[in-house]
Amino acid sequence: MEKADTKKIDKKRIKEFLSQHAIYIVLIVLVLIIAIKDSRFLSLVCLRDILIQSSTKLIIALGIAFVLITGGVDLAAGRIVGFSAVLSASMLQTPDYVRRFFPNLPQLNLIIPILLAIFAALLAGLMNGVIISKLSVPPFIATLGTSVIVYGLNSIYFDLHPNDSQPIGGLRKDFTNLGSGHIFSMPIIIIIAILVTIAVWIVFNKTRLGKNMYAIGGNKEAARVSGINVGLTLLILYAIAGALYGLGGVLEAARTGGATNNYGNMYELDAIAACVVGGVSTSGGIGKVQGILAGVLIFGVINYGLTFIGVNPYWQLIVKGLIIVTAVAFDIRKYLAKK
């Protein structure tokens, strides 16, 4: 009898372990499968490339996590990324570039255009928060509308003469250095992503704002009754999310060395997928930074790794889709089990 009970306990522990660490197991399995196909995948060069490509996506995913944990969604993230990329790039071109966006603009200090782009993104996020918290518009509709507005504004700006909707290039070295430069052999863009991740972890786990965020996602009415200013909290969270999208857009422009008004298109779906796969609940109230990091890395490994071993890009989409559906199915099962 005792042996049977022990076996049940062991099975339960194994099941709990697999459930809690499934995301990390999937990541390790993916790496091993690709490495078996081509051992060069385990090189430091490949690891560096994956981390560089994943850095901006991690920052965007962390931004969208603020929204998802409250039980909301943000369909405007990608367009905000694109707007901040165009805005920063348009003011950081070299003086001798033939097609300068602003031919007579003096050389600005690097930080000024970057802060302007992030602030513009913050305002877009704040607009989402106002529409949702003050006008009681559902997040899906509110952010869908904001997405269209931001894309329209970005396209109008991008079409200004003399640019006339031409891809923005000729970016200054001090700007592109953020995406391709190094400090003590460590890529700057990875350092920035690490610092942002640490800051977000602190907000999630060590601040009142973080506690209020989880409370709102768990039960909005209960949070309101307990004295939390739900409206103000949502405003702050959407503004922070917008600022992170802005930073992601600036770094994406620096990494790629250019920008167009279509930058960031569909980035919000990749970010949401990474969050969900990383354990952020679609019903709100649950989510950890380390899970989001693992989710972003999984898609980074899929995108880079499967291309590395020559897998057809269309198969990559199928693999990504299966992982997303499986993650959401597990999330819903957990939610139903709790109810």
Side-chain angles (χ1 to χ4, degrees), residues 23 54 56-81 121-122 124-129 131-133 137-144 146-147 196-197 199-201 203-205 207 209-220 223 228 230-231 233-248 264 266-299 320 323-335 338:
I23 181 71
S54 299
T56 53
K57 293 182 179 179
L58 174 60
I59 292 170
I60 296 164
L62 290 171
I64 220 160
F66 279 97
V67 175
L68 293 177
I69 292 173
T70 65
V73 69
D74 195 344
L75 300 181
R79 292 306 185 185
I80 296 174
V81 168
L122 183 149
L126 190 62
M127 182 168 68
N128 277 332
I131 296 170
I132 292 165
S133 64
V137 177
F140 182 89
I141 301 300
T143 57
L144 178 61
T146 301
S147 173
V196 171
T197 301
V200 171
W201 185 89
V203 173
F204 276 21
N205 297 281
T207 66
L209 179 64
K211 292 177 182 178
N212 291 349
M213 174 183 69
Y214 283 106
I216 291 170
N219 190 318
K220 187 180 290 186
I228 295 173
V230 174
T233 302
L234 288 176
L235 281 175
I236 295 171
L237 294 174
Y238 274 92
I240 292 173
L244 289 175
Y245 307 152
L247 177 58
M266 306 299 284
Y267 275 31
E268 69 278 1
L269 297 186
D270 285 343
I272 292 171
C275 286
V276 171
V277 168
V280 178
S281 176
T282 53
S283 56
I286 298 173
K288 295 181 178 179
V289 169
Q290 54 266 38
I292 299 165
L293 173 60
V296 170
L297 288 177
I298 279 181
F299 287 112
K320 287 170 70 174
I323 290 175
I324 293 167
V325 171
T326 303
V328 173
F330 274 111
D331 178 56
I332 291 173
R333 286 187 64 183
K334 288 179 184 178
Y335 178 72
K338 285 183 179 180

A.B. asks: Give the minimum heavy-atom separation between A142 and I131, together with the two atoms involved.
C.D. replies: CB-CG2, 3.6 Å
A.B. asks: Ring centroid separation for F204 and F66, is it under 6.0 angstrom?
C.D. replies: yes
A.B. asks: Stepwise, does the side-chain contact (heavy atoms from CB on, under 4.5 Å) test hold for Y238 with L126?
C.D. replies: CA-CA 6 Å; Y238 274 92; L126 190 62; over 6 Å; no
A.B. asks: Does the side-chain contact (heavy atoms from CB on, under 4.5 Å) test come out yes or no for Y214 and I286, once each step is laid out?
C.D. replies: CA-CA 7 Å; Y214 283 106; I286 298 173; 5.9 Å; no
A.B. asks: Distance from T197 atom OG1 to Q290 atom CD, nearest 0.5 Å?
C.D. replies: 11.0 Å
A.B. asks: side-chain contact (heavy atoms from CB on, under 4.5 Å), that's the test. Do L244 and V200 meet it? Break it down for me.
C.D. replies: CA-CA 10 Å; L244 289 175; V200 171; 4.2 Å; yes
A.B. asks: Can you check whether K288 reaches W201 side chain to side chain, under 4.5 Å on heavy atoms?
C.D. replies: no
A.B. asks: Is there side-chain contact between L209 and I240, with at least one heavy-atom pair below 4.5 Å?
C.D. replies: yes
A.B. asks: Check the pair T146, N128 against side-chain hydrogen bond (donor to acceptor under 3.5 Å, both in side chains), reporting the backbone distance first and the verdict last.
C.D. replies: CA-CA 7 Å; T146 301; N128 277 332; 2.6 Å; yes
A.B. asks: For the atom pair CG (L68) and OG1 (T70), what is the distance rounded to the nearest 0.5 Å?
C.D. replies: 7.5 Å
A.B. asks: Under the salt bridge (Lys or Arg N to Asp or Glu O under 4.0 Å) definition, can you give me all pairs with a residue in residues 267-285, not counting sequence neighbours?
C.D. replies: D270-K320
A.B. asks: Atom OG of S133 and atom CD1 of I216: how far apart are they, to the nearest 0.5 Å?
C.D. replies: 10.0 Å
A.B. asks: Quick one: are L75 and F140 in side-chain contact, heavy atoms under 4.5 Å?
C.D. replies: yes
A.B. asks: How would you list, by chain and number, every residue that makes a ring-ring contact (aromatic ring centres under 6.0 Å, His included) with Y267, sequence neighbours excluded?
C.D. replies: none
A.B. asks: Could you grab the distance from atom CG of L62 to atom NZ of K57, nearest 0.5 Å is fine?
C.D. replies: 14.5 Å
A.B. asks: About how many Å separate CD1 of I80 and OG of S147, when rounded to the nearest 0.5 Å?
C.D. replies: 8.0 Å
A.B. asks: Would you check, one step at a time, whether the test side-chain contact (heavy atoms from CB on, under 4.5 Å) holds for I64 with Y245?
C.D. replies: CA-CA 8 Å; I64 220 160; Y245 307 152; 3.5 Å; yes
A.B. asks: So which atom in I60 and which in G248 form the shortest heavy-atom distance, rounded to 0.1 Å?
C.D. replies: CG1-CA, 4.3 Å
A.B. asks: Determine the minimum heavy-atom distance between I132 and P139, stating which atoms define it.
C.D. replies: CD1-CA, 3.8 Å
A.B. asks: Atom CD1 in I272, atom CE in M266: separation rounded to 0.5 Å?
C.D. replies: 10.0 Å
A.B. asks: Of the non-hydrogen atoms in T207 and V203, which two are nearest, and what is the gap between them?
C.D. replies: OG1-O, 2.6 Å
A.B. asks: Of all heavy-atom pairs between L235 and G129, which one has the smallest distance, and what is that distance?
C.D. replies: CD2-C, 3.4 Å
A.B. asks: Test of understanding: with side-chain contact (heavy atoms from CB on, under 4.5 Å), list the residues that count as partners of L247, not counting sequence neighbours.
C.D. replies: I59, I118, I192, V196, L251
A.B. asks: Minimum heavy-atom separation for A65 to I292, with atom names?
C.D. replies: CB-CD1, 3.4 Å
